[in-house]
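Here the structure is laid out as C-alpha coordinates; the discussion comes afterwards.
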Amino acid sequence: MASDPMAGRLSGRRAIVTGAASGIGAATAARLRADGAHVFTADATDGADFVADLTGEGANARLVESAVAAMGGLDTLVPCAGISAFHPLEGHDDAYFARVLEVNVMTVFRLVRDAVPHLKAAGKGRIVTIGSTTSSHGDEGLCAYSASKHAVLGFTKSAAAELGPFGITVNCVQPGAIATAMTAPAFEQMPEFKTFWENKAPLRRLGQPEDIADVIAFLCSDDARFMSGHGVWVDGGAMVRH
Ligand SMILES: NC(=O)c1ccc[n+]([C@@H]2O[C@H](COP(=O)([O-])OP(=O)(O)OC[C@H]3O[C@@H](n4cnc5c(N)ncnc54)[C@H](O)[C@@H]3O)[C@@H](O)[C@H]2O)c1
(Lines give C-alpha, C1' and ligand atoms only; values in the text may rest on other atoms or scores of the structure.)
Protein backbone atom coordinates (compact mmCIF):
# COMPACT_ATOMS: atom_id res chain seq x y z
CA MET A 1 0.00 0.00 0.00
CA ALA A 2 1.33 3.49 -0.87
CA SER A 3 2.25 5.52 2.20
CA ASP A 4 0.47 8.85 2.82
CA PRO A 5 2.94 11.59 1.77
CA MET A 6 1.29 14.05 4.18
CA ALA A 7 1.59 11.80 7.25
CA GLY A 8 3.72 13.57 9.85
CA ARG A 9 3.72 17.02 8.24
CA LEU A 10 1.82 18.37 11.28
CA SER A 11 3.74 16.30 13.78
CA GLY A 12 4.23 18.23 17.02
CA ARG A 13 1.39 20.65 16.25
CA ARG A 14 -1.29 21.15 18.91
CA ALA A 15 -4.64 22.25 17.53
CA ILE A 16 -8.12 23.23 18.65
CA VAL A 17 -10.90 22.49 16.15
CA THR A 18 -14.39 23.72 17.05
CA GLY A 19 -17.60 22.47 15.44
CA ALA A 20 -15.78 19.16 15.26
CA ALA A 21 -18.74 16.85 15.89
CA SER A 22 -20.05 17.29 12.35
CA GLY A 23 -19.29 18.18 8.76
CA ILE A 24 -16.24 20.29 7.92
CA GLY A 25 -15.01 20.41 11.54
CA ALA A 26 -15.13 16.62 11.91
CA ALA A 27 -13.29 16.13 8.61
CA THR A 28 -10.71 18.75 9.64
CA ALA A 29 -10.01 17.10 12.99
CA ALA A 30 -9.56 13.77 11.20
CA ARG A 31 -7.25 15.28 8.55
CA LEU A 32 -5.07 17.13 11.07
CA ARG A 33 -4.74 13.93 13.11
CA ALA A 34 -3.86 11.93 10.01
CA ASP A 35 -1.12 14.49 9.33
CA GLY A 36 0.28 13.95 12.83
CA ALA A 37 -1.22 16.84 14.87
CA HIS A 38 -2.52 16.50 18.41
CA VAL A 39 -6.11 17.76 18.12
CA PHE A 40 -8.48 18.90 20.88
CA THR A 41 -12.04 19.09 19.61
CA ALA A 42 -15.00 21.18 20.79
CA ASP A 43 -18.68 21.19 19.94
CA ALA A 44 -22.06 21.88 21.50
CA THR A 45 -23.10 18.30 20.83
CA ASP A 46 -21.59 15.00 21.97
CA GLY A 47 -18.63 13.61 20.13
CA ALA A 48 -16.01 16.21 21.08
CA ASP A 49 -13.33 16.40 23.80
CA PHE A 50 -14.94 19.62 25.11
CA VAL A 51 -18.72 19.62 24.93
CA ALA A 52 -20.24 23.08 25.44
CA ASP A 53 -22.14 25.84 23.72
CA LEU A 54 -19.22 28.11 22.79
CA THR A 55 -21.27 31.31 22.85
CA GLY A 56 -21.14 33.73 25.75
CA GLU A 57 -18.20 35.17 27.66
CA GLY A 58 -15.94 32.56 29.21
CA ALA A 59 -16.72 29.46 27.13
CA ASN A 60 -13.74 29.90 24.82
CA ALA A 61 -11.40 30.75 27.68
CA ARG A 62 -12.42 27.48 29.37
CA LEU A 63 -11.89 25.64 26.09
CA VAL A 64 -8.39 27.08 25.70
CA GLU A 65 -7.54 26.20 29.31
CA SER A 66 -8.74 22.59 28.84
CA ALA A 67 -6.90 22.21 25.54
CA VAL A 68 -3.62 23.53 26.94
CA ALA A 69 -3.96 21.24 29.98
CA ALA A 70 -4.57 18.24 27.70
CA MET A 71 -1.89 19.00 25.09
CA GLY A 72 0.73 20.98 27.01
CA GLY A 73 0.45 23.98 24.71
CA LEU A 74 -1.26 25.30 21.62
CA ASP A 75 -0.20 26.57 18.20
CA THR A 76 -3.10 25.94 15.80
CA LEU A 77 -6.73 27.10 15.80
CA VAL A 78 -9.56 26.14 13.47
CA PRO A 79 -12.78 27.79 14.71
CA CYS A 80 -15.29 25.94 12.56
CA ALA A 81 -18.50 26.02 14.64
CA GLY A 82 -21.23 27.89 12.81
CA ILE A 83 -24.92 28.09 12.02
CA SER A 84 -26.94 29.03 8.97
CA ALA A 85 -30.52 29.07 7.76
CA PHE A 86 -32.43 30.75 4.96
CA HIS A 87 -34.75 33.52 6.15
CA PRO A 88 -36.13 36.42 4.16
CA LEU A 89 -34.91 39.76 5.51
CA GLU A 90 -38.31 40.57 6.99
CA GLY A 91 -38.15 37.27 8.89
CA HIS A 92 -34.83 38.25 10.53
CA ASP A 93 -35.89 39.36 14.00
CA ASP A 94 -33.29 40.94 16.30
CA ALA A 95 -32.72 37.72 18.23
CA TYR A 96 -32.04 35.69 15.09
CA PHE A 97 -29.61 38.23 13.64
CA ALA A 98 -27.81 38.58 16.97
CA ARG A 99 -27.56 34.80 17.41
CA VAL A 100 -25.96 34.32 13.99
CA LEU A 101 -23.38 37.01 14.79
CA GLU A 102 -22.80 35.55 18.25
CA VAL A 103 -22.11 32.02 16.96
CA ASN A 104 -20.36 32.81 13.68
CA VAL A 105 -18.33 35.87 14.69
CA MET A 106 -18.04 36.27 18.45
CA THR A 107 -16.92 32.67 19.08
CA VAL A 108 -14.16 33.12 16.50
CA PHE A 109 -13.03 36.43 17.99
CA ARG A 110 -13.06 35.09 21.57
CA LEU A 111 -11.23 31.86 20.72
CA VAL A 112 -8.47 33.72 18.91
CA ARG A 113 -8.19 36.41 21.61
CA ASP A 114 -8.05 33.86 24.42
CA ALA A 115 -5.62 31.53 22.64
CA VAL A 116 -3.17 34.06 21.21
CA PRO A 117 -0.94 34.23 24.34
CA HIS A 118 -0.32 30.49 23.91
CA LEU A 119 0.45 30.84 20.20
CA LYS A 120 2.88 33.63 20.99
CA ALA A 121 4.49 31.47 23.66
CA ALA A 122 4.84 28.68 21.09
CA GLY A 123 6.70 31.16 18.87
CA LYS A 124 4.60 30.17 15.87
CA GLY A 125 0.98 29.74 15.03
CA ARG A 126 -1.62 28.89 12.46
CA ILE A 127 -5.18 30.20 12.55
CA VAL A 128 -7.62 29.14 9.84
CA THR A 129 -11.07 30.71 10.06
CA ILE A 130 -14.07 29.49 8.07
CA GLY A 131 -15.74 32.08 5.94
CA SER A 132 -17.92 31.31 2.95
CA THR A 133 -18.41 32.43 -0.60
CA THR A 134 -20.86 34.79 1.15
CA SER A 135 -17.83 36.43 2.83
CA SER A 136 -17.41 38.21 -0.50
CA HIS A 137 -20.87 38.02 -2.09
CA GLY A 138 -24.50 38.07 -1.03
CA ASP A 139 -27.45 35.76 -1.55
CA GLU A 140 -31.19 35.80 -0.99
CA GLY A 141 -32.25 34.74 2.49
CA LEU A 142 -28.72 35.04 3.86
CA CYS A 143 -28.48 38.62 5.18
CA ALA A 144 -27.47 37.57 8.69
CA TYR A 145 -25.22 34.73 7.54
CA SER A 146 -23.50 36.81 4.87
CA ALA A 147 -22.98 39.69 7.34
CA SER A 148 -21.38 37.24 9.77
CA LYS A 149 -19.11 35.70 7.14
CA HIS A 150 -18.00 39.10 5.80
CA ALA A 151 -17.08 39.87 9.42
CA VAL A 152 -15.04 36.67 9.71
CA LEU A 153 -13.03 37.59 6.61
CA GLY A 154 -12.44 41.14 7.87
CA PHE A 155 -11.40 39.81 11.26
CA THR A 156 -9.00 37.40 9.56
CA LYS A 157 -7.25 40.16 7.63
CA SER A 158 -6.76 42.43 10.64
CA ALA A 159 -5.65 39.54 12.87
CA ALA A 160 -3.11 38.57 10.19
CA ALA A 161 -1.73 42.12 10.23
CA GLU A 162 -1.47 42.16 14.01
CA LEU A 163 -0.18 38.64 14.64
CA GLY A 164 2.27 38.24 11.75
CA PRO A 165 5.20 39.72 13.70
CA PHE A 166 4.79 36.84 16.18
CA GLY A 167 5.13 34.17 13.50
CA ILE A 168 1.39 33.55 13.41
CA THR A 169 -0.43 33.25 10.09
CA VAL A 170 -4.18 33.84 9.81
CA ASN A 171 -6.14 32.78 6.73
CA CYS A 172 -9.80 32.25 5.92
CA VAL A 173 -11.11 29.30 3.92
CA GLN A 174 -14.24 30.24 1.96
CA PRO A 175 -16.18 27.07 1.09
CA GLY A 176 -18.78 26.91 -1.63
CA ALA A 177 -21.79 24.62 -1.21
CA ILE A 178 -20.67 21.62 0.85
CA ALA A 179 -22.79 18.56 1.62
CA THR A 180 -23.13 18.65 5.43
CA ALA A 181 -25.87 18.70 8.07
CA MET A 182 -25.95 22.48 7.63
CA THR A 183 -26.97 22.40 3.98
CA ALA A 184 -29.01 19.16 4.00
CA PRO A 185 -32.34 20.77 4.97
CA ALA A 186 -32.06 23.48 2.27
CA PHE A 187 -31.09 20.96 -0.40
CA GLU A 188 -33.98 18.72 0.66
CA GLN A 189 -36.55 21.53 0.67
CA MET A 190 -35.19 23.23 -2.46
CA PRO A 191 -33.75 20.58 -4.82
CA GLU A 192 -33.38 23.30 -7.47
CA PHE A 193 -30.94 25.08 -5.14
CA LYS A 194 -28.79 21.94 -5.00
CA THR A 195 -28.88 21.60 -8.79
CA PHE A 196 -28.03 25.31 -9.12
CA TRP A 197 -24.85 24.90 -7.07
CA GLU A 198 -23.88 21.65 -8.80
CA ASN A 199 -24.14 23.35 -12.18
CA LYS A 200 -22.58 26.61 -11.08
CA ALA A 201 -19.36 24.82 -10.11
CA PRO A 202 -17.23 24.06 -13.18
CA LEU A 203 -16.31 20.83 -11.38
CA ARG A 204 -20.06 19.98 -11.50
CA ARG A 205 -20.60 18.72 -7.99
CA LEU A 206 -21.20 19.78 -4.42
CA GLY A 207 -18.15 19.85 -2.18
CA GLN A 208 -17.53 17.25 0.49
CA PRO A 209 -16.22 18.14 3.97
CA GLU A 210 -12.88 16.52 3.08
CA ASP A 211 -12.44 18.94 0.14
CA ILE A 212 -12.34 21.76 2.69
CA ALA A 213 -10.41 19.88 5.39
CA ASP A 214 -7.53 19.16 3.02
CA VAL A 215 -7.08 22.87 2.25
CA ILE A 216 -7.30 23.75 5.95
CA ALA A 217 -4.58 21.18 6.69
CA PHE A 218 -2.38 22.75 4.01
CA LEU A 219 -2.87 26.20 5.57
CA CYS A 220 -1.93 24.73 8.96
CA SER A 221 1.29 23.25 7.56
CA ASP A 222 4.74 24.70 6.93
CA ASP A 223 3.99 24.59 3.20
CA ALA A 224 1.76 27.66 3.75
CA ARG A 225 4.38 29.53 5.83
CA PHE A 226 4.37 32.68 3.66
CA MET A 227 0.57 32.94 3.23
CA SER A 228 -1.36 35.18 5.59
CA GLY A 229 -4.45 37.37 5.52
CA HIS A 230 -6.04 35.60 2.59
CA GLY A 231 -9.54 34.45 1.84
CA VAL A 232 -9.28 31.25 -0.19
CA TRP A 233 -12.30 30.08 -2.16
CA VAL A 234 -12.70 26.30 -2.11
CA ASP A 235 -15.80 26.03 -4.23
CA GLY A 236 -15.21 23.80 -7.24
CA GLY A 237 -14.67 26.99 -9.21
CA ALA A 238 -18.24 28.22 -8.64
CA MET A 239 -17.28 31.83 -7.95
CA VAL A 240 -15.63 32.37 -11.32
CA ARG A 241 -19.19 32.57 -12.58
CA HIS A 242 -20.38 35.20 -10.06
N1 LIG B 1 -21.77 23.46 4.46
C2 LIG B 1 -21.52 24.50 3.67
O3 LIG B 1 -21.97 24.55 2.50
C4 LIG B 1 -20.69 25.65 4.16
C5 LIG B 1 -20.33 26.63 3.25
C6 LIG B 1 -19.58 27.71 3.67
C7 LIG B 1 -19.17 27.80 4.99
N8 LIG B 1 -19.53 26.83 5.89
C9 LIG B 1 -19.09 26.99 7.26
O10 LIG B 1 -18.37 25.84 7.69
C11 LIG B 1 -18.49 25.69 9.09
C12 LIG B 1 -18.92 24.27 9.41
O13 LIG B 1 -20.19 24.06 8.83
P14 LIG B 1 -20.72 22.61 8.42
O15 LIG B 1 -21.29 22.73 7.08
O16 LIG B 1 -19.69 21.58 8.72
O17 LIG B 1 -21.96 22.50 9.43
P18 LIG B 1 -22.42 21.40 10.45
O19 LIG B 1 -23.78 21.83 10.89
O20 LIG B 1 -22.24 20.04 9.88
O21 LIG B 1 -21.38 21.56 11.65
C22 LIG B 1 -21.39 22.71 12.47
C23 LIG B 1 -21.01 22.27 13.87
O24 LIG B 1 -20.93 23.45 14.68
C25 LIG B 1 -21.49 23.14 15.94
N26 LIG B 1 -21.98 24.35 16.60
C27 LIG B 1 -22.95 25.19 16.15
N28 LIG B 1 -23.17 26.14 17.06
C29 LIG B 1 -22.34 25.90 18.10
C30 LIG B 1 -22.11 26.54 19.34
N31 LIG B 1 -22.81 27.61 19.72
N32 LIG B 1 -21.19 26.02 20.16
C33 LIG B 1 -20.48 24.93 19.81
N34 LIG B 1 -20.65 24.27 18.65
C35 LIG B 1 -21.57 24.75 17.82
C36 LIG B 1 -22.64 22.19 15.62
O37 LIG B 1 -23.02 21.44 16.77
C38 LIG B 1 -22.05 21.34 14.52
O39 LIG B 1 -21.43 20.17 15.01
C40 LIG B 1 -19.47 26.77 9.54
O41 LIG B 1 -18.77 27.88 10.05
C42 LIG B 1 -20.20 27.13 8.27
O43 LIG B 1 -20.73 28.42 8.30
C44 LIG B 1 -20.28 25.76 5.49
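Read the numbers this way: they start at 1 and go in the same order the structure lists the ligands and their atoms. Values in this document were obtained by computation on a predicted structure and should not be read as measured data. Just so you know, these numbers use all the heavy atoms, side chains as well, and skip hydrogens, waters and symmetry mates.
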Taking His38 for its side chain and Ala15 for its backbone only, find out whether a donor-acceptor pair lies under 3.5 Å.
-> no
Do NZ/NE/NH1/NH2 and the carboxylate oxygens of Glu162 and Lys120 come within less than 4.0 Å?
-> no
Electrostatic pair Asp222-Arg13, nearest N-O below 4.0 angstrom | yes
In ligand 1, the atoms that come under 4.0 Å of a heavy atom of Thr183 are 1 (N), 2 (C), 3 (O)
So with a 6.0 Å cut-off around CD of Glu192, is the heavy-atom count from everything else above 12?
-> yes
Asp235, Thr28, Ile24 screened by side-chain contact (heavy atoms from CB on, under 4.5 Å) with Ile212, the one that passes = Ile24
Enumerated ligand 1 atoms positioned under 4.0 Å from heavy atoms of Thr55 | 31 (N)
Give me the ring orientation class for Phe97 and His92: parallel if the planes are under 30° apart, tilted from 30 to 60°, perpendicular past 60°.
-> tilted
Would you check if His137 and Met239 make a side-chain contact, meaning some heavy-atom pair closer than 4.5 Å?
-> yes
Could you say whether the N/O atoms of Ile130 and ligand 1 ever approach to under 3.5 Å?
-> no
What class does the angle between the rings of Tyr96 and His87 fall in, given that below 30° is parallel, 30 to 60° is tilted and above 60° is perpendicular?
-> perpendicular
Which is closest to atom 26 (N) of ligand 1 in terms of heavy atoms, Ser135, Gly207, Ala81?
-> Ala81
Of all the non-hydrogen atoms in the protein, which one sits nearest to atom 3 (O) of ligand 1, and at what distance?
-> Ile178 N, 2.8 Å
Classify the contact between Lys149 and ligand 1 as side chain, backbone, both or neither, using a heavy-atom distance cut-off of under 4.0 Å.
-> side chain
Would you call Asp49 and Arg33 a salt bridge, using N to O less than 4.0 angstrom?
-> yes
Determine, considering heavy atoms only, which of Ala20, Cys80, Ala213, Gly19 sits nearest to atom 40 (C) of ligand 1.
-> Cys80
Is Ala177 close to ligand 1, meaning an N/O of one under 3.5 Å from an N/O of the other?
-> no
If you measure from each non-hydrogen atom of Asp53 to ligand 1, which part falls under 4.0 Å: side chain, backbone, both or neither?
-> both
The protein heavy atom nearest to atom 22 (C) of ligand 1 is Gly82 O, 3.9 Å
Going by the side chain to side chain donor-acceptor pair (under 3.5 Å) test, which pairs reach into residues 59-77, not counting sequence neighbours?
-> none
Distance from atom 33 (C) of ligand 1 to nearest protein heavy atom, with residue and atom = Ala44 N, 3.3 Å
Give the residue and atom name of whichever protein heavy atom lies nearest to atom 43 (O) of ligand 1, and the separation in Å to one decimal.
-> Tyr145 OH, 2.6 Å
State whether the shortest distance between N or O atoms of Ile83 and N or O atoms of ligand 1 falls below 3.5 angstrom.
-> no
Donor-acceptor contact below 3.5 Å, side chain Thr18 vs main chain Cys80 | yes
Gly131: numbered ligand 1 atoms lying under 4.0 Å from its heavy atoms = 6 (C), 7 (C)
Pairwise side-chain contact, Asn104 with Ile130, heavy-atom cut-off 4.5 Å (strictly under) | no
Donor on one side chain, acceptor on other, Thr107 and Glu102, under 3.5 Å | no
Are any of the N/O atoms in Ile24 less than 3.5 Å from those in ligand 1?
-> yes
Where ligand 1 meets Gly23 - atom numbers and elements under 4.0 angstrom, heavy-atom basis | 16 (O), 20 (O)
Please write down residue, atom name and distance for the protein heavy atom closest to atom 14 (P) of ligand 1.
-> Thr180 OG1, 3.6 Å
Do Asp223 and Arg126 sit within salt-bridge range, that is, some charged N less than 4.0 Å from a carboxylate O?
-> no
Do ligand 1 and Asn104 have nitrogen or oxygen atoms that lie under 3.5 Å from each other?
-> no
Relative to ligand 1, is Ala52 under 4.0 angstrom through side chain, backbone, both or neither, heavy atoms considered?
-> backbone
Protein residue, atom and distance nearest to atom 4 (C) of ligand 1, heavy-atom basis = Gly176 O, 4.0 Å
Are Phe86 and Tyr145 near enough that their ring centres are under 6.0 Å apart?
-> no
Test of proximity, Ala21 against ligand 1: N or O pairs below 3.5 Å = no
In ligand 1, the atoms that come under 4.0 Å of a heavy atom of Ser22 are 18 (P), 20 (O), 21 (O), 38 (C), 39 (O)
Work out whether the distance between some heavy atom of Ser84 and some atom of ligand 1 is less than 4.0 Å.
-> no
If we number the atoms of ligand 1 from 1 as shown, the ones under 4.0 Å from a heavy atom of Ala181 are 20 (O)
Closest to atom 25 (C) of ligand 1 (heavy atoms only, candidates Thr28, Asp43, Leu54) is Asp43
Heavy-atom distance to atom 13 (O) of ligand 1: which of Met182, Glu102, Gln174, Arg99 wins?
-> Met182
Contact (N/O only, under 3.5 Å) between Ser132 and ligand 1 = no
Which atoms of ligand 1 are found less than 4.0 Å from any heavy atom of Val103?
-> 28 (N)
With Thr156, which residues qualify under side-chain hydrogen bond (donor to acceptor under 3.5 Å, both in side chains), at least two apart?
-> Thr129
